[in-house]
Amino acid sequence: MSSTMISEVTTVIPAPRLFKAAIIDWHNLAPKVAADKVVSAETIEGDGGIGSVRQLNFGPAMPFSFEQRLLEFEDVENCEIKSSVVAGGGLGVFFNTATYHIKIEPSGTGSLARMVLTFTPVPGTNSAEHEKLIKGAFFGVMKGCEAFLLTNPDAYN
């Protein structure tokens, strides 16, 4: 049986700009704005587009050293991305399958970043703690990007 977790973060940054910074250029910006959560990130298979595998190397705030995600869908115009965990992270520990769907939508003069995690929990595990960590990491990266973009008004325009 699958479960769903939703996390939302409101920012003052317009959706296209936040998407460029937090999603498209995630491998460069995340380690700068949330170093306790993401130490480095890189594409390890493919050209970075759909079908590529991206690896996040986590910092001390996270319980796992890395996670690899297969990029399944990307729509830059609509600020939307979907990826599935293929190795590391909570795979086999907290969940047997996991898919992240992130969409950043306009909200007033800023944006609403929404992450929907659909997962199949490992039987007998309590996923509440892992869900709390995932929500905290998403919040930290989005708010870190927001702070970076506010102090760097010419970046990602």
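The first residue of the sequence shown is numbered 1, and numbering continues consecutively from there. Note that the coordinates shown come from a computational prediction; the quantities given were computed from them, not determined experimentally.
Under 3.5 Å, the side chains of Q68 and Q55 contain a donor-acceptor pair of N or O atoms. With hydrogens and angles left out, the side-chain atoms of T99 and T118 include no donor and acceptor closer than 3.5 Å. Side-chain N/O atoms of T120 and T97 include a donor and acceptor closer than 3.5 Å. For the 3.5 Å distance criterion, the side chains of S111 and E105 fail to qualify, holding no donor opposite an acceptor.
Cluster annotation: F148 is connected to F139 through the hydrophobic network of ILVMFWY side chains, with a link wherever side-chain heavy atoms come within less than 4.5 Å. Both V76 and L149 are assigned to one and the same hydrophobic cluster, defined by single-linkage of ILVMFWY side chains at heavy-atom distances under 4.5 Å. The same ILVMFWY cluster, assembled from side-chain heavy atoms under 4.5 Å apart, contains both W26 and V85. Note on M142: it clusters hydrophobically with V12, by side-chain heavy-atom contacts below 4.5 Å among ILVMFWY residues. Using a 4.5 Å cut-off between side-chain heavy atoms of Ile, Leu, Val, Met, Phe, Trp and Tyr, with links allowed through other members, L133 and V38 fall into different hydrophobic clusters.
Between the side chain of N126 and the main chain of A128, a donor-acceptor pair closer than 3.5 Å is present. At distances below 3.5 Å, at least one donor-acceptor pair connects side-chain atoms of D75 with backbone N or O atoms of N78. Looking at N157, its side chain does come within 3.5 Å of a backbone N or O of P153 through a donor-acceptor pair.
Here the side chains of T4 and F119 are not in contact, with every heavy-atom distance at 4.5 Å or above. Taking 4.5 Å as the limit, every side-chain heavy atom of D25 sits out of range of all side-chain heavy atoms of K20. Counting heavy atoms from C-beta on, the side chains of F138 and I102 come closer than 4.5 Å. Looking at P121 and N96, their side chains never come closer than 4.5 Å, going by heavy atoms from C-beta outward. Within the 4.5 Å cutoff, no side-chain heavy atoms of K103 are placed close to those of V116. The side-chain heavy atoms of M115 and M5, taken from C-beta on, include a pair separated by under 4.5 Å. In this structure, the side chains of L117 and I134 come closer than 4.5 Å at one or more pairs of heavy atoms. Within the 4.5 Å cutoff, side-chain heavy atoms of I104 are placed close to those of I23.
In terms of heavy atoms, P31 sits closest to A41 at CG-N, 4.4 Å. Here the closest heavy-atom approach between residue V33 and residue V141 is recorded as CG2-O, 4.2 Å. When all heavy atoms are compared, the tightest approach of I13 to L18 is CG2-N, 3.8 Å. Here the closest non-hydrogen pair linking D47 and S52 is N-OG, 3.2 Å. Closest non-hydrogen pair, A21 versus L29, comes out as CB-CD2, 3.6 Å. For the pair Y156 and R17, the tightest heavy-atom approach, listed with the atom from each and the gap, is O-CG, 3.2 Å.
A salt bridge is defined here as a Lys NZ or Arg NE, NH1 or NH2 lying under 4.0 Å from an Asp or Glu carboxylate O, and E146 with K143 meets this definition. Between R69 and E67 there is a salt bridge, with a side-chain nitrogen of the basic residue lying less than 4.0 Å from a carboxylate oxygen of the acidic one. A salt bridge links R54 to E74: one of the charged nitrogens lies within less than 4.0 Å of a carboxylate oxygen.
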Legend entry - Steps toward side chain to side chain contact (heavy atoms under 4.5 Å, CB included) verdict (L112, E8): CA-CA 7 Å; L112 174 68; E8 295 181 334; 3.8 Å; yes

Inset, instruction - Step by step, work out the ring-ring contact (aromatic ring centres under 6.0 Å, His included) result for F64 and H130. - result: CA-CA 11 Å; F64 304 105; H130 189 64; 5.8 Å; yes

Inset, instruction - Check the pair E72 / K82 against side chain to side chain contact (heavy atoms under 4.5 Å, CB included), numbers first and verdict last. - result: CA-CA 6 Å; E72 297 178 350; K82 185 176 179 183; 3.8 Å; yes

Inset, instruction - Show the numbers, then the answer: is there a side chain to side chain contact (heavy atoms under 4.5 Å, CB included) between V93 and V122? - result: CA-CA 7 Å; V93 178; V122 170; 5.9 Å; no

Legend entry - Pair H101-F73, ring-ring contact (aromatic ring centres under 6.0 Å, His included): steps then yes or no: CA-CA 9 Å; H101 181 198; F73 174 81; 7.2 Å; no

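Within the model, atoms CZ of F95 and OG of S2 stand 13.5 Å from one another, a figure rounded to the nearest 0.5 Å. Within the model, atoms CD of E45 and CG of L70 stand 8.5 Å from one another, a figure rounded to the nearest 0.5 Å.
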